[in-house]
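Structure first, then comments.
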Amino acid sequence: MDLNGLNTVQKEAVCAVDGPILVVAGAGSGKTRVLTYRIANLIETHDIFPSNILAITFTNKAASEMKSRIESLVGPVSNQMWIGTFHSICVRILRRDGEKIGYGSDFVIYDTTDQKSALKSCYKELNIDEKMTPLKTYQFKISGAKNDMLTPEAYEGLYGGDFREREFIKLYKRYQAKLKQNQAMDFDDLLLKTLELFQKHPDVLQMYQNKFKFIHVDEYQDTNRAQYELVKYLSGRYHNLFVVGDGDQSIYRWRGADIRNIQEFEKDYVGAKVYKLEQNYRSSQNILSLANSVIKNNPNRRDKMLWTDAAEGDKIQYYKAYDEKDEARNVIEQIKKQIRDSGYSLSDFAILYRTNAQSRAFEDMFMLEGIQYKVLGGAKFYDRKEIKDLMAYLKLIVNHQDDVSFLRVINEPKRSLGDRTIEKIQIYASANQMSLFDACGHAVEIEGISGKALQNIQAFYKMISGLRMRLESEFVTTLYDDLIEQSGIVRAYELEKTIEADGRIDNIYEFRVVVEEFEKRSENPNLRDFLAETSLVSDQDSLNDSDDAVLLMTIHASKGLEFPVVFLVGLEDQLFPSFRSMDDEEALEEERRLCYVGITRAEKCLHVSHAKNRNHFGRYEARIPSVFLKEMDAQLMEGKDGMPEIKTYGDKKTKTISFFDIQTPKKKSNLRSAAPQRVKAPENTAEHFSGYKAGDKVTHKTFGSGMVVSMDQAKDMITIVFDAHGIKKLSASMAPLKTVD
DNA sequence: CACCCCCGGTTTTTT
DNA sequence: ACCGGGGGTG
């Protein structure tokens, strides 16, 4: 194996074979290279069977890229190895052995919309009022419980004593029962049910433990508790676990990711070896320095300092826009200028923003100028009504227990089957313990259904059953064609004769291309796998290198990607950082990491901008610049208006690391040796902790009086319940707190 | 009983 | 863009 293309640390990490290994990989430090070479090296130098290797990536796109890179190094034997996202690997495991925990191999996956529909039925059955508690509230709460790995029963054990939780517990139980009855799992269930399978069936677990002698996890900083446990289980026999990640790029706390998983890896896995990749191969010196000037404001981080051999590069281009239209106009002006002067092409540019809604202004302007662009995420193709309807049809064909999909399509297109008729079917189904679809097979017996309604129900039943019978023997594309023909969905849109309906028809045929591509690519194409794959696509998966278009996406969606020129836009208070992170230290730190991720996507040139005014929910509002702009080192920036004026009204001057501090390896090593002492010295904060204990009454400058609930000395965090502001987590050493006697 | 039109509220980030 | 509710029509 030729490892000459790797630097010393990369080589060391690649060549370390046994035991737990953590690779702390800063942005752009070549972690994908390390992962691929490590796996290729296992196969080629150490004669490990590819079937004994598991690799977990963050997106399906990353998985297929890694797959083809490994294949180019070791050849097609690599097909034997398992590589995919946590969710897709769990699906694979559950298809095989799910029946041991009550799920057949034809279970379907519910996305957030399906989840809402299922919840809505539960609301109805339990007489819960949507106006009192919006669906979303309980939807988040269920996901939160699942992120903490709490089944309804476990949740009840913990909180059952609280009468305010009773409704939720009832709902959560009903929801899980409904999913099982429908033979459906939501995203969180894919992980939890796999864990349940491992817990209840040690033989299954053992089989996988023996199989996966070498396990790899990318983006380990964004694993949640369930994923952590899965990895722990799977690596339980051989302990050959190779994880790669960067605490500074942890941006999914809100969906349960726990940064402690990476921070405490060495504690969790005794004898772990740690390698730090600190040389950046992606960005210019200026971009890197800017990133460092922002991220260093996070108090709780692992010591790490990225450096590069690259030249200083262009200064960061700063622009203060009048409003969001002016911001978009400037971006386009800059793109045109750089294409003209520096020979870039459209696909070299990416526009990164905090929220999907921000894409609008840019899209309008690109459209006006006739410039090719592509928006990742946001109003997704798969979110269109007609695509969701077709997906629901396909799910119902695969799994006729799926009442949620049934309800979605029974009267789409219109079959004169309204609320009353469906209610009658529901009553019959629940009285006879069968699915809504099966009840349609007994439609003649249902009282009050006759005439046209009866005929339509029977026709629907016949159509779906007919398609189901051909599931094994027919091409997926043939089934799809027959479905759109027999369901009459296209015909109904044709009759509308509107531009809107024509657009929907186009989408239906575009979706056929997706089916076709799946069929070509799969070894054993079947509808079940098509649905799973389609349900688990991420934004990045739709990325196509051959398109020459400017890319627009959220910073979250840009994770793991890189672009020659990046526009980081909308750097405004309340927007980025988000207004939701204002009261919460940890959330603010996560926003800062997000900013760091955005900056480090850029290779050669970075533009940052904010608008003084912005249309927000239809209101034109004055905006103030983001605290992150304040933290950026002004010496690295230039702009039309000279230096960003915001630097002058910062309340306290933040120390800026000028790029001289990290430019030479000498200085770098100073920083590296100095910092661990800071991290390893909780004594510094111990006095603050000795001042507090749980139950202490305290006052806070802003939040008023409250009581200490708990403390986390390692993280310097203290949790307090304030009388007027609820629970807050604060920095114990920094927060303006006083004890009250 | 089903269907259509109109109107208003909705958006942090996502597998 | 999509959904729900309200109200009118057939």
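Computed from heavy atoms alone, side chains included, the values below leave out hydrogens, waters and symmetry copies. Within every chain, numbering begins at 1; the chains are lettered A, B, ... in the order of the sequence lines, protein sequences first and strands thereafter.
Distance K193(A) NZ to dT15(B) P: 23 Å, rounded to the nearest Å. One interatomic measurement links the two molecules: CD of Q139(A) to P of dT12(B), which rounds to 14 Å at whole-angstrom precision. Here dT14(B) presents its P atom at 14 Å from CG of D111(A), a figure rounded to the nearest Å. Between the C1' atom of dC3(B) and the CZ atom of R415(A) lies a distance of 15 Å, rounded to the nearest Å. Rounded to a whole Å, the CD atom of Q115(A) is 12 Å from the C1' atom of dT14(B).
Nearest nucleotide to the A357(A) side chain, out of dT12(B), dT14(B), dT11(B): dT11(B). When distances run from any side-chain atom of E591(A) to the nucleotides dT12(B), dC2(C), dT14(B), the shortest one goes to dT12(B). Closest contact between the side chain of S416(A) and the listed nucleotides dT14(B), dA2(B), dC4(B) involves dA2(B). Distance from the side chain of N356(A) is smallest for dT13(B) among the nucleotides dT11(B), dT15(B), dT13(B). Distance from the side chain of N411(A) is smallest to dC3(B) among dT12(B), dC3(B), dT11(B). Nearest nucleotide to the side chain of K136(A), out of dT12(B), dT11(B), dT14(B): dT11(B). Checking dC1(B), dT12(B), dC3(B) against every side-chain atom of T421(A), the shortest atom distance belongs to dC1(B). For R580(A), counting side-chain heavy atoms from C-beta on, the closest listed nucleotide (dC3(C), dT12(B), dT15(B)) is dT12(B). Between dT12(B), dT15(B), dC3(C), one nucleotide has an atom nearer to the side chain of T85(A) than all others, and that is dT15(B). Distance from the side chain of R255(A) is smallest for dT14(B) among the nucleotides dT11(B), dT12(B), dT14(B).
Backbone-only contact: K120(A) has heavy atoms under 4.0 Å from sugar-phosphate atoms and none from a base. Among the heavy atoms of the strands, none lies under 4.0 Å from K116(A). Nucleic acid contact class of K452(A) (heavy atoms, under 4.0 Å, all strands): none. Among the heavy atoms of the strands lying under 4.0 Å from R420(A) are primed sugar atoms or P, OP1, OP2 only; no base atom is included. Using a 4.0 Å heavy-atom cutoff across all strands shown, D419(A) reaches sugar-phosphate atoms only and no base atom. Contacts of T59(A) with the nucleic acid, taken as non-hydrogen atoms under 4.0 Å apart, are absent.
A salt bridge is absent between E496(A) and R504(A): the closest approach of a Lys/Arg side-chain nitrogen to an acidic carboxylate oxygen does not fall below 4.0 angstrom.
Taking the six-membered ring for Trp and thresholds of 30 and 60 degrees, Y393(A) and F460(A) have ring planes inclined between 30 and 60 degrees apart. Ring geometry, F58(A) versus Y252(A): the interplanar angle falls from 30° to 60°, so the pair is classed tilted. Using bins of under 30°, 30° to 60° and over 60° for the plane-to-plane angle, the ring pair F437(A)/F406(A) lands in the perpendicular bin.
Annotation: dT11(B) and dG5(C) have their P atoms spaced 16 Å apart (nearest Å).
If K414(A) and E590(A) are placed on DNA chain B by their nearest nucleotide, the residue sitting closer to the 5' end is K414(A). Projected onto DNA chain B by closest heavy-atom contact, I422(A) and F140(A) fall at different nucleotides, the more 5' of which corresponds to I422(A).
An aromatic stacking contact between Y252(A) and the base of dT13(B) is absent, as defined here by ring centres under 5.5 Å apart and ring planes under 30° from parallel.
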Practice task
Go through F628(A) and F576(A) one step at a time and tell me if the ring-ring contact (aromatic ring centres under 6.0 Å, His included) criterion holds.
Solution key: CA-CA 8 Å; F628(A) 300 147; F576(A) 189 27; 5.3 Å; yes
